[in-house]
2 protein chains.
Amino acid sequence: MLTIGKLGEAAGVKVPTIRYYEQIGLLPEAERSAGNQRLYGRKARERLAFIRHARDLGFTLEAIRDLLSLSDRPDQSCAAADAIAKAQLAEVESRLARLTALKAELERMVVQCAGGSIADCRVIEVLSDHSLCATDHRHPESEVPS
Amino acid sequence: MLTIGKLGEAAGVKVPTIRYYEQIGLLPEAERSAGNQRLYGRKARERLAFIRHARDLGFTLEAIRDLLSLSDRPDQSCAAADAIAKAQLAEVESRLARLTALKAELERMVVQCAGGSIADCRVIEVLSDHSLCATDHRHPESEVPS
DNA sequence: CCTTGAAGCTATAGTTGCTAGAGACATTAG
DNA sequence: CTAATGTCTCTAGCAACTATAGCTTCAAGG
């Protein structure tokens, strides 16, 4: 049995994050020692590793909640899990596309900056005037996931 | 002079967002009409367009605050603005790299899912066991901007 | 056995960048 | 003139944590 600190170290998750996951019901309430400290066994370790890995892959906690409840029913169809993963893939692809466009525009901005004074700064200028953007494209919705 | 609604429409920014920008000091306090409604002139329009454009390019509000205060002093060196833009570019590039890796992994997960039952689901399996990832790479820090 | 320092506990509040709601007043179209 | 928007302020909520305060428990050294 591991204490919360050891578990966090093992899984690469910070201690308050583990407590947070318990609080929102993503992890079950941990067993407690005589002195009221949380103790974790193999199952909790595996569940946390699952969560961590899915977070690394960009799944939201909501999606992870769904995936976890699916993995608790191994006899059912895999379609739902597949759908969640596909949605996540689509999301990642769309973010990639947006970021790629942003990168191009930022690069142009930075390259054109001759290092003079603010008055001639391309960076400020481009930001001030959208029409100075390379093409007449409208900007992507936003680079930050909604 | 525009009302807040017209301004928002013109700039592609929602009304509460404009009020929020004013509240956090990104926009100056607006003039008011006799009936206490906000009124905006050319300068406010330009400033909001600047903010909107910078947000579209992924700059944080903090970075935008800096860029705005730079653009208010047109005689100074452009180096600071350049540095902010370069930092943003680096951030975007790193996110791109991470997302590209995620995409590859998600694609593998999805492709390998044969559509059987959860017990054989690659999606769940890969999430459960990091060692099933294609290579022995450690995952990127996180795909979500910190 | 006792002390000290690290690690754990709870609870609350802060972060970023908004968004949504309530309830009241202002403006405008018909 | 009335009804429908639009705007006002204020507060609370979202994701996914992170940080703080003030306490208790635990493990190791003297």
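Letters A, B, ... mirror the listed sequences (proteins, then strands); counts begin at 1.
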Once you round to the nearest 0.5 Å, how far does [atom1] of [X] lie from [atom2] of [Y]?
X	Y	atom1	atom2	result
B/S71	B/R47	OG	CZ	6.5 Å
B/L67	B/H53	CG	NE2	12.0 Å
B/L48	B/Y40	CG	OH	8.5 Å
A/L127	B/L57	CG	CG	6.0 Å
A/F50	A/L26	CZ	CG	9.5 Å
A/I124	A/I118	CD1	CD1	5.0 Å

Which residues in residues 29-47 of chain A have a heavy atom closer than 4.0 Å to any atom of DNA chain C?
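Output list: A/R32, A/N36, A/Q37, A/R38.
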Any residue of residues 16-24 of chain A with a heavy atom less than 4.0 Å from an atom of DNA chain C:
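Hits under 4.0 Å, by residue number: A/R19.
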Contact residues, residues 64-72 of chain A to DNA chain D [heavy atom, < 4.0 Å]
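Contacting residues: none.
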Is any side-chain N or O of A/T60 closer than 4.0 Å to OP1 or OP2 of D/dA15?
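No, A/T60 has no side-chain N/O under 4.0 Å of OP1/OP2 on D/dA15.
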Can you tell me if the side-chain N/O atoms of A/K14 get under 4.0 Å from OP1 or OP2 in D/dT18?
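For A/K14, the contact criterion (side-chain N or O under 4.0 Å from OP1 or OP2 of D/dT18) is met.
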Got B/K103 and A/R95 here, is their nearest side-chain heavy-atom distance under 4.5 Å?
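A side-chain contact is absent here, since even the closest heavy-atom pair is not under 4.5 Å.
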In whole angstrom, give the distance that lies between atom CG of B/L7 and atom P of D/dG6.
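Distance check: B/L7 CG to D/dG6 P gives 15 Å.
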Are B/K43 and B/E46 within salt-bridge range, i.e. N to O under 4.0 Å?
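Looking at B/E46 together with B/K43, the answer is no, because their closest N to O distance does not fall below 4.0 Å.
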Just by modelled atom types, is the A/G58 backbone N or O under 3.5 Å from a matching donor or acceptor in the A/Q88 side chain?
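Indeed, once roles are kept as given, a pair shorter than 3.5 Å links the two residues.
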Is there a chain of hydrophobic side chains (I, L, V, M, F, W, Y, each step under 4.5 Å between heavy atoms) that links A/V111 to B/F59?
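Different hydrophobic clusters.
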First and last nucleotide of DNA chain C touching chain A, 5' to 3', heavy-atom cut-off 4.0 Å?
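Listing 5' to 3', DNA chain C meets chain A from C/dG8 to C/dT10.
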Does B/L61 or A/I4 map to a spot on DNA chain C nearer the 5' end, using the closest nucleotide for each?
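Nearest-nucleotide comparison on DNA chain C picks A/I4.
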Qualifying residues under side chain to side chain donor-acceptor pair (under 3.5 Å), relative to B/E22, sequence neighbours excluded:
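Partners of B/E22 under the side chain to side chain donor-acceptor pair (under 3.5 Å) test: B/R38.
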Write out all pairs satisfying side-chain hydrogen bond (donor to acceptor under 3.5 Å, both in side chains) with one or both partners inside residues 57-68 of chain A, taking only residues at least two apart or from two chains.
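Qualifying pairs, neighbours excluded: A/E62-A/R65.
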Answer yes or no: does atom CD of A/Q112 have more than 12 heavy-atom neighbours from other residues, nucleotides or ligands under 6.0 Å?
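Buried by this count: over 12 neighbours within 6.0 Å.
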